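Chain letters run A, B, ... following the sequence lines, proteins first and then strands; every chain starts at 1. Owing to the predicted nature of the structure, the values given are computational and were not obtained by experimental measurement.
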Amino acid sequence: MTENFNEEQKKLIEELVDKKLAELNLKAKKNKKATLLVMSHDFDRLMCAFIVANTAAAVGMEVTMFFTFWGLTAIRTSKEYQKKSWPEKMVTWMLPGSVNSVNPSKFSFGGLGRLFFGFLMKKQNIASLVELVETAEELGVEMIACEMSMQVMGVTREELRKNCFCAGASVYLERASESEVSLFI
Amino acid sequence: MEEKELDCKGLRCPMPIVKIGKEIKNLEVGEVLKVEATDPAFQIDIEAWARQTNNLIVSFEDGEVKKVSIKKQ
């Protein structure tokens, strides 16, 4: 292919290729990314999600958490009933209002399991879920609320944390496709 | 050379690593962070952290209280 080029042109092409390779190399060395798709609001699963997110942020990764359906509870701060339709009010009533009232996936015993594990964790000086969510935010973990599931579950923007934003699946996919670590919880 | 100290005694995973990750941002390159922790998995966790963040573990002392010196690269 290069037979038709003279020496000067060949040199120029080599220089351009070298420059492009250096740019690509630099791009490859940029921060690693981690994306977590959080669908559960089980206490144990959310602990897992936030421990991983916090640790990933602590080792310098760019972390994104995308909260959908039940996972919205993790970034929920309040329950509002005004301006909602009756089905939405019902769903709001049935759901936990924040991470303070989420139950473990097993041994939930109508709320006793949450108290029991909470007591055990406090005794062993393990960080609480509330603490882990706060720390994740402090460390710059990007928190995204799934717009579609917000509509389905009747969750309004005002009921969510201030530092999150609403988006759809394509934003999640963009983050996930660039991530070395991609988890579904 | 400036040395900063961080007490992570009594904290369990992931808090020691999370606190170190936060504190290391306040250091200049070449400065040393001395951390004390009691978490059982601390040694293996801090070594993995150092590999991933390209920071240097200058020294590690095992015992009831584990002591590590990290040099920011």
Val181(A), Leu36(A): one ILVMFWY side-chain cluster at the under-4.5 Å cut-off? yes
Would you kindly confirm whether Phe66(A) and Phe184(A) end up in one hydrophobic cluster when ILVMFWY residues are joined by side chain heavy atoms under 4.5 Å apart? yes
At a cut-off of 3.5 Å, what donor and acceptor atoms pair up between chain B and chain A?
{"from": "Gly10(B)", "atom 1": "O", "to": "Asn125(A)", "atom 2": "ND2", "distance (Å)": "2.4"}
{"from": "Lys22(B)", "atom 1": "NZ", "to": "Glu138(A)", "atom 2": "OE1", "distance (Å)": "2.4"}
{"from": "Trp49(B)", "atom 1": "NE1", "to": "Ala58(A)", "atom 2": "O", "distance (Å)": "2.8"}

Answer yes if Val68(B) and Val32(B) sit in the same cluster of Ile, Leu, Val, Met, Phe, Trp and Tyr residues linked by side chain heavy atoms under 4.5 Å apart, and no otherwise. no
Side-chain heavy atoms nearer than 4.5 Å, only ILVMFWY residues, links allowed to pass through others: does that put Leu120(A) and Leu112(A) together? yes
Just wondering, more than 12 heavy atoms not from Ile44(B) lying within 6.0 Å of its CD1? no
Atom CZ of Phe107(A) with >12 non-hydrogen neighbours under 6.0 angstrom: no
